[in-house]
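Okay, structure first, notes after.
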Amino acid sequence: MRAVLSPAAAQLLRCLLSRIGLKRDSVLVSAFRSVDWQSLTFTGERHEISLRIPGPDSARAVALLRDGLADAEWPLRGHVVADIVIVAERDAGDGAILLDMEALTLSD
């Protein structure tokens, strides 16, 4: 069964997977949670993302993702990425790397 992602979450996931440079079916999305967010002037969503990047190219894939992450341009229709960070990176012990990320998307 496939979980339903919001339009912002689905676009963000596609962009992240593209940035990693591996085939989509080799990266495991172990968790993707989005909640509505708002301030006095903006509305959007907070996203928590957990990925399992497989070896043997996991270090290269994570480096591609990390390089310029905070300043990257994200081609999301109807949304902008206001903030995105890698909050945890762990060695899975089998050559894979586990990543936990957080992002804030705003409706434009």
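Because only heavy atoms are used, hydrogens play no part in the values below, and waters and symmetry mates are left out as well, while side chains stay in. Position 1 is the first residue of the sequence; numbering continues from there.
- Using a cutoff of 4.0 Å between basic side-chain nitrogens and carboxylate oxygens, Arg46 and Asp36 are not scored as salt-bridged.
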Given Val81 and Asp83, is the side-chain contact (heavy atoms from CB on, under 4.5 Å) satisfied, shown in steps?
-> CA-CA 6 Å; Val81 176; Asp83 188 31; 6.0 Å; no

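- Across Ala8 and Leu76, no two heavy atoms sit closer than the pair O-CD2, 4.0 Å.
- Between Ile53 and Ala61 the shortest heavy-atom distance is CG2-CB, 3.7 Å.
- Using modelled atom types, one side-chain atom of Gln11 and one backbone atom of Arg77 make a donor-acceptor pair closer than 3.5 Å.
- For the atom pair Glu89 CD and Leu98 CG, the distance stands at 9.5 Å (nearest 0.5 Å).
- Counting only heavy atoms from C-beta outward, the side chains of Leu13 and Val29 approach each other to under 4.5 Å.
- Going from atom CD of Glu73 over to atom SG of Cys15 covers 11.0 Å, rounded to the nearest 0.5 Å.
- Side-chain contact between Arg14 and Leu5 is absent, with no heavy-atom pair separated by less than 4.5 Å.
- To the nearest 0.5 Å, atoms OG (Ser18) and CH2 (Trp74) are separated by 9.0 Å.
- Within 6.0 Å of atom CZ in Arg60, more than 12 heavy atoms from other residues, nucleotides or ligands are found, so the atom counts as buried in its surroundings.
- Taking 4.5 Å as the limit, every side-chain heavy atom of Asp100 sits out of range of all side-chain heavy atoms of Ile49.
- The closest side-chain heavy-atom distance from Leu22 to Pro54 is below 4.5 Å.
- By the 4.5 Å heavy-atom criterion applied to side chains, Leu64 and Ile20 are not counted as neighbours.
- Follow the hydrophobic side-chain contacts under 4.5 Å out from Leu16 and you reach Ile86 in the same cluster.
- Looking at Thr43, its side chain never comes within 3.5 Å of a backbone N or O of Gln38 through a donor-acceptor pair.
- No side-chain heavy atom of Leu104 sits under 4.5 Å from any side-chain heavy atom of Glu45.
- At distances below 3.5 Å, not a single donor-acceptor pair connects side-chain atoms of Thr105 with backbone N or O atoms of Gly44.
- Considering only heavy atoms from C-beta on, His47 comes within 4.5 Å of Phe32 through its side chain.
- For Ala82 against Leu106, the heavy-atom pair with the smallest separation is CB-CD1, 3.7 Å.
- Between Met101 and Leu12, every side-chain heavy-atom pair lies at or beyond the 4.5 Å cut-off.
- Remark: side-chain polar atoms of Arg19 are paired, donor with acceptor, to backbone N or O of Leu65 under 3.5 angstrom.
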